Structures are given as C-alpha cells and as structure tokens.
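Below is the structure I would like to discuss, written out as structure tokens.
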Protein chains: 2
Amino acid sequence: MSDGNTGVPHMVTAAVGARLPGQVRAADYEACPVTHTVRMLGDKWTLLVLMLLAERAHRFNELHRRADGISQRMLTRTLRTLEDDGLVARTVFPTVPPGVEYDLTARGRELLVPLSALADWVVQGRAA
Amino acid sequence: MSDGNTGVPHMVTAAVGARLPGQVRAADYEACPVTHTVRMLGDKWTLLVLMLLAERAHRFNELHRRADGISQRMLTRTLRTLEDDGLVARTVFPTVPPGVEYDLTARGRELLVPLSALADWVVQGRAA
DNA sequence: CCGAATCCCTGATGATACTG
DNA sequence: CAGTATCATCAGGGATTCGG
C-alpha cells in the first residue's frame with residue numbers, strides 16, 4: 001500500500017483494467033516494479049541463466065560452461081542481481097576448493113509460470 | 001518447423017518441461033524468439049508505450065506528451081520496432097496537416113494477457 | 001574454484017536542428 | 001503534425017588481471 005508510488009502502482013496491471021494518468025511521469029515509470037522486472041529479464045544473460053537453473057541447481061563453472069559466450073564478470077553480475085531480487089539462492093560449501101551452488105528460490109520457480117505463458121504467446125504468433 | 005533453429009527452438013517453453021542441451025550455443029540463444037521478445041520488452045520505452053496503447057489508440061504527439069521524458073527519436077524507434085513485430089498498427093490520415101494514429105493489433109492485445117500474468121507475479125511478490 | 005577490480009569499447013539513448 | 005538527420009553521451013557488456 002504505502003510503497004511510495006505516486007499514482008502508477010503497477011502499470012501493466014492498471015493499464016489492462018484501468019486508466020493511466022494523463023501524463024505518466026518518468027520517475028513513476030522507472031520506479032514501477034514491473035518495469036524493473038522486464039528490464040532485468042531483458043538484459044543479455046538473465047533469461048538464459050534462469051532457464052538453466054530451471055532445469056536444476058548449478059555450480060558457478062557449470063553455468064559458465066553451459067552458457068556459451070558469457071564472461072565470468074557477467075555471470076557473476078547476473079547471478080547477483082537474481083539473488084538480490086530473491087529469485088536465486090546462493091549456497092556455499094566450505095570444501096577445498098570452495099564450491100558454490102546456485103538454485104532457483106520458490107519465487108524464482110513461480111516466475112517460470114508467467115514466463116511460460118509469454119513463451120506460449122511467442123510460439124502462437126509463429127504458428128499463425 | 002524449418003525455422004533455422006539448431007536445437008533450441010523456444011528455450012523458455014522447453015526449459016520448463018524439457019531439458020536444454022549440455023551447452024546452449026550463443027547463436028541459438030540470440031536467435032530464440034523468446035529472447036527477442038523479452039529484449040524488446042526490456043528496452044527503455046516499449047512497456048510504457050504498450051501500456052498507453054492498451055488504453056486506446058493514440059496520435060504521435062499524444063504519446064509524446066503522455067510518455068514523460070521520451071524523445072521524438074526514441075518514440076519513433078520504439079513504435080517502428082513494435083510495428084515491425086506486428087504488435088502495433090500505424091494508420092495515416094491524409095489530412096492537412098497529416099495525422100497518424102497508432103493502435104495495438106490483435107496480436108498486440110493478446111500480448112497483454114501474459115504481460116498481466118507477469119505483472120500479477122510482481123505484485124504477489126510485494127504483498128508476500 | 002569463485003570471484004573482485006580494472007580498463008575499454010560499442011550500441012543504446014538523449015539533445016538539437018531541420019523538413020514534407 | 002509527424003517525423004528525419006546529426007552529433008553527443010552514457011551505460012552495458014567484454015577482456016584481462018589479480019586474490020582468497
């Protein structure tokens with residue numbers, strides 16, 4: 001409720017059923033959590049990492065190998081963002097050398113549902 | 001069928017139900033239509049323009065006014081991309097001065113459904 | 001093995017001026 | 001009104017190197 005939004009709480013939800021203000025302020029659009037989500041999904045490696053983790057948990061270098069072309073830097077960054085957003089859990093095993101496992105959280109798995117719906121829409125468009 | 005994909009037809013759909021190859025080749029990931037879609041949704045103005053058009057058809061300058069902060073250049077580019085992807089229809093009225101109207105296509109409106117599902121997921125996460 | 005720190009470069013975006 | 005053209009800027013991403 002009191003999340004600091006000034007009138008455009010969840011733009012997409014609002015737009016399908018309701019009306020947007022006469023002018024959508026840039027700050028509101030940028031602050032919208034839906035905007036944040038599609039931005040994150042849209043950057044170069046997020047979707048791929050998400051799909052790999054949807055299959056099963058992975059070690060860092062495992063992801064690095066399976067995601068052809070990704071740099072260590074970007075894999076780290078992508079995983080960090082996903083972790084910060086609560087979609088991925090990071091578990092460290094105090095072995096020698098240390099092992100780190102990444103896996104989807106419950107919320108991360110829930111995201112796969114609307115994501116599949118989106119993918120279905122994409123596929124439908126090609127069939128038609 | 002023969003769409004040139006080498007094994008990763010629709011990654012997201014595949015990943016939720018099936019397995020990905022041992023290594024997902026960069027070219028396949030980049031060529032994936034789902035990847036293309038989330039990239040497009042993720043760029044700076046696409047979502048906002050989509051939401052405004054979800055409400056009703058708009059004239060160019062109308063969109064320019066309602067989308068605070070967008071430049072003419074980026075509004076043009078965003079609309080062009082949406083048009084190329086078949087989500088937005090452009091209609092020119094041969095009046096003086098000329099009027100151009102932008103509206104969602106049937107396919108564009110269908111996109112609102114999975115997009116709403118995604119927005120709902122976002123909202124759920126905040127409530128919890 | 002799993003990163004962090006640094007440097008660099010290209011593509012995406014913004015500002016401004018001009019036109020049918 | 002609805003753009004196009006050009007130039008400037010800036011952030012995302014890649015390569016490389018170093019450390020626990």
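Convention: sequence-line order gives letters A, B, ...; per-chain numbering from 1. Remember, it's a predicted structure, so these values are computed and weren't measured experimentally. Values below: every heavy atom of this structure, side chains too, minus hydrogens, waters and symmetry copies.
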* To do: Round to a whole Å and report the spacing from CG of B:Leu79 to C1' of D:dG3.
  =>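 Taking atom C1' of D:dG3 as the reference, CG of B:Leu79 is at 11 Å.
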* Once you round it to whole Å, what is the distance between P of D:dC1 and NE2 of B:His58? ->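 Result: 15 Å.
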* Asked: What nucleotide among C:dC2, C:dA4, D:dA2 has an atom nearest to a side-chain atom of A:Val100?
  ->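 Per side-chain heavy atoms of A:Val100, the pick is C:dC2.
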* For the side chain of B:Asn61, starting at C-beta, report the closest nucleotide among D:dG13, D:dA2, C:dT13. => D:dA2
* Structure fact -> note: A:Asp43, atom CG; C:dG11, atom P; distance rounded to Å ~ 18 Å
* What about A:Arg73: does its side chain form a donor-acceptor pair under 3.5 Å with the base of D:dG13? -> yes
* Between C:dG3, C:dC1, D:dG3, which nucleotide gets closest to the side-chain atoms of A:Thr76? -> C:dG3
* Asked: Whole-Å distance between D:dA5 C1' and B:Arg77 CZ?
  ->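 Taking CZ of B:Arg77 and C1' of D:dA5, I get 14 Å after rounding.
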* Send over the distance from A:Leu75 CG to D:dA15 C1', rounded to a whole Å. => 16 Å
* To do: Provide, to the nearest angstrom, the distance between the CE atom belonging to B:Met74 and the P atom belonging to D:dC7.
  => 19 Å
* To do: With the side chain of A:Gln72 defined as its heavy atoms from C-beta on, choose the nearest nucleotide among C:dG3, D:dG13, D:dG3.
  => C:dG3
* In whole angstrom, what separates B:Ile70's CD1 from C:dG14's P? -> 7 Å
* To do: State which of C:dG14, D:dG3, C:dC1 makes the closest approach to the side chain of B:Ser71.
  => C:dG14
